Amino acid sequence: MSARIIDGTAIAAAIREELRPAVEAFSRRAGRPPGLGIVLVGHEPASEIYVRGKLRAGTEAGLWVDLQRLPATASLAEVLALVDRLNASPRHDGILVQDPLPAAMGPGAAQQVFDAIDPRKDVDGFNPASVGRLVQNRPTLAPCTPSGVIEMLDRSEIAMAGARAVIIGRSDIVGKPMAMLLLHHHATVTICHSKTRDLAAVAAEADILVAALGRAAFVTPGFVRPGATVVDVGISRVTDRAEVERLYAPDSPRRATFEKRGSLVVGDVHPDVAAVAGAITPVPGGVGPMTIAMLLKNTLAAATSTAGR
Ligand code: NAP
């Protein structure tokens, strides 16, 4: 058996197309496009790539995307002042501060910054007010990655109601909101983490297994009940040739990609899982593009509910 591939790139493209008329209607009505402010502090290479993707997708969708850069030496007070300015700006409907902030800013800096974002503009859904509303299943801007996963499952007709869902990872940005969203879709949810005993056995009970731990190819076939849906959130960059050769057969196109680029983006799910799972999201081309599509959707939602303020 070979798993059905859930094509995140195609689903994300469909969502972007669906948003287009609403973006145009907003722009006509408001006399300006929906505005997204992105704050990028420093030059972390992965963040640069993510922000570039968000800029391109936002601009293509007809949004005004305003990238505000601060140097890696910026103080927490400077970031907070910038967030205040964007909170007050009538042109910025959504605000996103790219995580992580430079380590020199100190522990808890990101939390302070997320706390400062106006919840009505909180397109990442990390503000505690947004989190609280999510927990209570009230209308809110939900975090983009887990809400992208829900869209993928929904549009792929994977039944969530009554399903056993297991999430590996309990971060504030993926694992926990993922659990809440699956719960609100009536799944029976288990959250696993680094202290979970018998992790593979717990995971193997899942009808829907979400891997969000950030360890390349960690989830092997022994974690997966035959026929289960496996959602791979992880993104790791592998540069070790031996590891690539361990993961992929000599004729795999992934090996050719590694030869060309010298590195490979790999998910948390081992390639052999495709032989066991019923459906699976690939990396790349799975959850990643969905995250960006949901960011655009959240920005439009924020614009629509704040217009006229
Ligand atoms: P994170 O904050 O580092 O959290 C990782 C979670 O995984 C933690 O809860 C940790 O447990 C758990 N974990 C780590 N090693 C484990 C192990 N051996 N067994 C069981 N649990 C383990 O990471 P994150 O921000 O949630 O991101 C997770 C992954 O998703 C990363 O690869 C990230 O790059 C990727 N990601 C992708 C997208 C996308 O758009 N595709 C978006 C966001 C994140 P403890 O809590 O016990 O430490």
Side-chain angles (χ1 to χ4, degrees), residues 6-9 11-12 15-16 38 44-54 56-58 96-101 103 107-111 114 123-126 131 142-153 166-182 189-206 209-220 222-224 230-239 263-270 280-298:
I6 300 177
D7 184 347
T9 305
I11 298 173
I15 291 172
R16 290 206 302 267
I38 299 182
E44 217 256 312
S47 295
E48 293 279 349
I49 293 172
Y50 294 144
V51 165
R52 214 177 306 139
K54 291 167 186 176
R56 192 184 323 116
L96 175 163
V97 178
Q98 185 65 40
D99 194 44
L101 293 171
Q111 203 141 41
F114 297 147
V123 286
D124 259 341
F126 298 160
V131 176
C144 301
T145 299
S147 45
V149 171
I150 296 290
E151 282 281 343
M152 287 175 104
L153 295 173
V166 174
I167 301 152
I168 310 181
R170 57 174 164 181
S171 71
D172 288 343
I173 67 167
V174 187
K176 284 183 212 163
M178 186 76 257
M180 279 304 133
L181 288 170
L182 282 165
V189 181
T190 302
I191 308 177
C192 300
H193 46 79
S194 64
K195 304 284 189 292
T196 298
R197 251 186 281 131
D198 299 331
L199 179 60
V202 178
E205 287 180 10
L209 176 62
V210 180
L213 65 159
R215 308 249 159 152
F218 180 93
V219 173
T220 50
F223 285 65
V224 179
V230 179
V231 177
D232 192 352
V233 179
I235 299 176
S236 301
R237 189 168 291 278
V238 174
T239 51
S263 70
L264 207 55
V265 172
V266 172
D268 286 343
V269 177
H270 194 288
I280 195 164
T281 70
V283 174
V287 176
M290 291 300 295
T291 297
I292 295 186
M294 299 316 283
L295 172 66
L296 306 181
K297 199 170 176 180
N298 273 356

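Start at 1 and go down the list; that is how both ligands and their atoms are numbered. The structure presented is a predicted model; accordingly, all values stated were derived computationally and were not measured. Heads up: numbering here begins at 1 and tracks the sequence.
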Legend entry - Note, P143 side chain near I173 side chain (heavy atom, < 4.5 Å): no
Inset, instruction - Answer with yes or no whether A212 contacts ligand 1, where contact means a heavy atom under 4.0 Å from a ligand atom. - result: yes
Legend entry - Flag: protein heavy atom within less than 4.0 Å of atom 11 (O) of ligand 1: yes
Legend entry - Which atom of R197 lies closest to which atom of V202, heavy atoms considered: O-CG2, 3.9 Å
Inset, instruction - Locate the shortest heavy-atom distance separating C192 from L199; write the atom from each residue and the value. - result: CB-CD1, 3.4 Å
Legend entry - Taking atom 40 (O) of ligand 1 as the reference point, the nearest protein heavy atom with its distance: T291 OG1, 2.8 Å
Legend entry - Heavy-atom nearest neighbour in the protein, as seen from atom 16 (C) of ligand 1, with distance rounded to 0.1 Å: L213 CD1, 3.6 Å
Inset, instruction - Please indicate whether any nitrogen or oxygen in D268 is less than 3.5 Å from any nitrogen or oxygen in ligand 1. - result: no
Inset, instruction - Provide the full list of side chain to side chain donor-acceptor pair (under 3.5 Å) pairs with a residue in residues 281-298, sequence neighbours left out, each pair given once. - result: T145-T291, E151-K297
Inset, instruction - May I ask you to list the atoms of ligand 1 that are less than 4.0 angstrom from any heavy atom of I173? - result: 25 (O)
Inset, instruction - Locate the shortest heavy-atom distance separating V269 from A211; write the atom from each residue and the value. - result: CG2-CB, 4.0 Å
Inset, instruction - Check each atom of ligand 1 against the heavy atoms of R215 and keep those under 4.0 Å away; list them by number with element. - result: 15 (N)
Legend entry - Nearest protein heavy atom with distance in Å, relative to atom 37 (C) of ligand 1: V233 O, 3.1 Å
Inset, instruction - Using distance alone, decide if ligand 1 has a nitrogen or oxygen within less than 3.5 Å of any nitrogen or oxygen in R170. - result: yes
Inset, instruction - Could you tell me whether the side chain of D232 and the main chain of V283 form a donor-acceptor pair under 3.5 Å? - result: no
Legend entry - Taking atom 6 (C) of ligand 1 as the reference point, the nearest protein heavy atom with its distance: G169 CA, 3.6 Å
Inset, instruction - Pick, from A203, S194, C192, the option with the minimum heavy-atom distance to atom 45 (P) of ligand 1. - result: S194
Legend entry - Option passing side chain to side chain contact (heavy atoms under 4.5 Å, CB included) with V231 (candidates I280, L153, I150, L209): L153
Legend entry - Closest protein heavy atom (residue, atom, distance) for atom 44 (C) of ligand 1: V174 CG2, 3.9 Å
Inset, instruction - Would you indicate whether E205, at its atom CD, is surrounded by more than 12 heavy atoms from other residues, nucleotides or ligands within a distance under 6.0 Å? - result: yes
Legend entry - Heavy-atom nearest neighbour in the protein, as seen from atom 34 (O) of ligand 1, with distance rounded to 0.1 Å: I235 O, 3.5 Å
Legend entry - Taking every non-hydrogen atom, the tightest pair across R16 and A293: CG-CB, 4.5 Å
Inset, instruction - Take every heavy atom of L199, measure it against each atom of ligand 1, and state whether any distance is under 4.0 Å. - result: yes
Inset, instruction - Check whether any N or O atom of Y50, backbone or side chain, sits under 3.5 Å from an N or O atom of ligand 1, and answer yes or no. - result: no
Legend entry - F218 vs L213 side-chain heavy atoms within contact, under 4.5 Å: yes
Legend entry - Closest approach of any protein heavy atom to atom 31 (C) of ligand 1, naming residue and atom: G214 CA, 3.6 Å
Legend entry - atom 42 (C) of ligand 1: nearest protein contact (heavy atom, Å): T145 OG1, 3.1 Å
Inset, instruction - Could you list which atoms of ligand 1 come closer than 4.0 Å to a heavy atom of G288? - result: 40 (O), 41 (N)
Inset, instruction - For ligand 1, find out whether one of its N or O atoms is nearer than 3.5 Å to an N or O atom of S171. - result: yes
Inset, instruction - Please identify each residue that fulfils salt bridge (Lys or Arg N to Asp or Glu O under 4.0 Å) with D172, with sequence neighbours left out. - result: K176
Inset, instruction - List the atom of I292, the atom of A57, and the distance in Å for their closest heavy-atom pair. - result: CG2-CB, 3.3 Å
Legend entry - Whether G175 lies under 4.0 Å from ligand 1, heavy atom: no
